[in-house]
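Encoded as structure tokens, the structure appears first; notes follow it.
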Amino acid sequence: MLRRDFLRRSAKGLGAAWLASNSSAALLGLEPLSQKVTAQDEVVLGKTGIRTSRLAMGTGTIGFGGASNQTRLGSNPFTRLLLDGYNDNGLRFFDTSDSYGSHPNVRDAVKQLPRDKVVIMTKSDTRSAAGLRRDLDRYRRELGTDMIDIVLIHCVTEGDWTTRYRGAMDVLSEAKQKGVIRAHGCSCHTIEALRAAAASPWVEIDLVRLNPIGSHMDADPSVVIKEIKKMRAEGKGIVGMKILGQGDLRDRPAEAIRYALSTGVLDAFTIGAESRKQQDDLTRKIAAA
């Protein structure tokens, strides 16, 4: 924990200096985007065939222990934010998790929308086969759906996780065969876990941490991007997270978003808005990139 805190503080300090010396996207050494992009763009997540919006509505800002900044808005305001994202901003990708406590809010929004037009991604912290099987049944009840589009093993850190958690992986493989889920994968929280995910044919979707200052990431951005490129070469769907460095880049969102887009390694990315104003601002900044 001390090492992690030190690295986080160091990344934030270095990031502040980096941003101070780089006042615009042009100064970051980023290549111009080859085409105009928007938050609403339909993207395909790797070889899964899942089509959704480029921007996912994150529901887990400071999310742990069954709550997040989004759930703390209250049920009605949060549900309204999700509905506005779909109806007014064209965002069809709902990023949720058991640990965020946001399943009921996503359910309340999705039941007012055409189910086949939205993509639901959730995550489980459970590592045992029996526990994950129970989770899938509970998640479907909480989300009000018979089928969940994407289920990830959440926050893997071990370099041998693809062996250690084989039982849980098999449960998700079986669930896909039965039509309970459409795709499975993981979210990684160490470079060792990321490398294992890159090497595993089981991983279909990977939720990866990426931002220009390396804040709350598995390693230096160049190292992470190298592993992501391996994943893309194998047809894995790549969804970015920590695009704003868990708040460290909150004052420079345009540069952070431009960076995420310019790397060319993300199919989609998730950012959690906490108000309609923030949501509108995110969509504008993506279009302006």
Side-chain angles (χ1 to χ4, degrees), residues 1-12 15 56 58-68 95-101 121-133 135-136 139 150-173 183-211 213-232 234 236-248 265-266 269-270 272:
M1 288 299 293
L2 290 174
R3 178 177 180 273
R4 182 177 298 177
D5 288 343
F6 170 76
L7 292 173
R8 179 181 61 80
R9 290 194 299 270
S10 298
K12 186 172 182 180
T59 66
T61 304
I62 317 299
F64 62 92
S68 69
D95 170 28
T96 184
S97 173
D98 187 34
S99 61
Y100 308 158
M121 178 172 72
T122 192
K123 318 170 194 78
S124 174
D125 293 307
T126 301
R127 302 302 195 240
S128 70
L132 187 49
R133 190 171 285 110
D135 279 356
L136 288 177
Y139 292 0
I150 304 166
V151 177
L152 307 179
I153 299 178
H154 199 190
C155 194
V156 292
T157 59
E158 301 87 353
D160 66 346
W161 74 267
T162 56
T163 300
R164 187 180 301 199
Y165 304 133
R166 189 74 242 179
M169 294 161 65
D170 289 343
V171 168
L172 292 178
S173 295
H184 45 64
C186 64
S187 67
C188 297
H189 284 251
T190 66
I191 190 61
E192 294 80 12
L194 188 67
R195 287 175 173 145
S200 172
W202 178 85
V203 175
E204 298 173 317
I205 302 284
D206 203 328
L207 184 61
V208 299
R209 303 190 287 185
L210 185 64
N211 59 73
I213 63 173
S215 177
H216 299 272
M217 281 183 57
D218 302 331
D220 182 84
S222 63
V223 175
V224 171
I225 287 173
K226 182 179 178 181
E227 296 302 320
I228 298 175
K229 287 181 176 178
K230 293 178 184 177
M231 295 182 183
R232 289 182 64 86
E234 296 298 321
K236 302 182 192 301
I238 309 297
V239 181
M241 63 172 167
K242 298 294 188 287
I243 303 301
L244 302 183
Q246 197 164 306
D248 290 345
V265 297
L266 303 179
F269 52 88
T270 177

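Below, each value reflects all heavy atoms present in this structure, side chains not excepted, and no hydrogens, waters or symmetry copies. No experiment lies behind these values; they were computed from the predicted model shown.
Between atom SG of residue Cys186 and atom CD1 of residue Ile205 there is a gap of 10.0 Å, rounded to the nearest 0.5 Å. A distance of 9.5 Å separates OG1 in Thr122 from CG in Leu136, rounded to the nearest 0.5 Å. Of the inter-residue distances, the one linking Cys188 atom SG with Trp161 atom CH2 reads 6.5 Å to the nearest 0.5 angstrom. Between the OG atom of Ser97 and the CG atom of Asp125 there is a distance of 6.0 Å, given to the nearest 0.5 Å. In this structure, the separation between CD1 on Ile191 and NZ on Lys226 is 10.0 Å, given to the nearest 0.5 Å. How far NE2 of His154 is from OG of Ser99: 4.5 Å, rounded to the nearest 0.5 Å.
In this structure, the side-chain hydrogen bond (donor to acceptor under 3.5 Å, both in side chains) partners of Ser173, at least two apart in sequence or on a different chain, are Trp202. Shown here are the side chain to side chain contact (heavy atoms under 4.5 Å, CB included) partners of Asp170, two or more places apart in sequence or in another chain: Arg166. In this structure, the ring-ring contact (aromatic ring centres under 6.0 Å, His included) partners of Tyr139, at least two apart in sequence or on a different chain, are His103. Checked against side chain to side chain contact (heavy atoms under 4.5 Å, CB included), Ala56 has the following partners two or more places apart in sequence or in another chain: Phe93, Asp95, Thr270. Residues satisfying the side-chain hydrogen bond (donor to acceptor under 3.5 Å, both in side chains) test with Asn211, not counting sequence neighbours, are none. Residues passing the side chain to side chain contact (heavy atoms under 4.5 Å, CB included) test with Arg232 are Ile228, Ile238, Val265, Asp267, sequence neighbours excluded.
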Notebook entry, point to check: What's the verdict on side chain to side chain contact (heavy atoms under 4.5 Å, CB included) for Leu172 and Leu132, showing C-alpha distance, side-chain angles and the deciding distance?
Noted result: CA-CA 8 Å; Leu172 292 178; Leu132 187 49; 3.6 Å; yes
Checklist line | Trace of the side chain to side chain contact (heavy atoms under 4.5 Å, CB included) decision for Val203 with Met231 | finding: CA-CA 9 Å; Val203 175; Met231 295 182 183; 5.8 Å; no
Next item on the list: Given salt bridge (charged side-chain N to carboxylate O under 4.0 Å, His left out), test Arg195 with Glu192 step by step and report yes or no.
Entry: CA-CA 5 Å; Arg195 287 175 173 145; Glu192 294 80 12; 5.5 Å; no
Next item on the list: Please step through side chain to side chain contact (heavy atoms under 4.5 Å, CB included) for the pair Met241 and Val208, ending with a clear verdict.
Entry: CA-CA 6 Å; Met241 63 172 167; Val208 299; over 6 Å; no
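Contact detail for Gly240 and Ile243: the closest heavy-atom pair is C-CD1, 4.0 Å. The heavy-atom pair separating Ala198 from Lys230 by the smallest distance is CB-CB, 4.5 Å. Across every non-hydrogen atom of Ala168 and Ile153, the tightest pair is CB-CD1, 4.4 Å. Across all their heavy atoms, Gly245 and His216 have their closest contact at O-CD2, 3.4 Å.
If you check the side chains of Thr190 and Asp218, you find no donor sitting under 3.5 Å from an acceptor. Remark: the Asp135 side chain and the Thr126 side chain contain an N/O donor-acceptor pair separated by less than 3.5 Å.
A donor-acceptor pair is defined here as one N or O able to donate and one able to accept, closer than 3.5 Å; no such pair exists between the side chain of Thr162 and the backbone of Ser200. Put simply, the side chain of Arg209 gets close to the backbone of His189: a donor and an acceptor are under 3.5 Å apart. Lys123 contributes a side-chain N or O that, together with a main-chain N or O of Thr96, makes up a donor-acceptor pair within less than 3.5 Å. In terms of modelled atom types and a separation under 3.5 Å, the side chain of Ser187 and the main chain of Cys155 share a donor-acceptor contact.
A 4.5 Å side-chain heavy-atom check between Val239 and Asp206 finds every atom pair outside the cut-off.
A side chain to side chain contact (heavy atoms under 4.5 Å, CB included) with Leu194 holds for exactly one of Val156, Val224, Val223; it is Val224.
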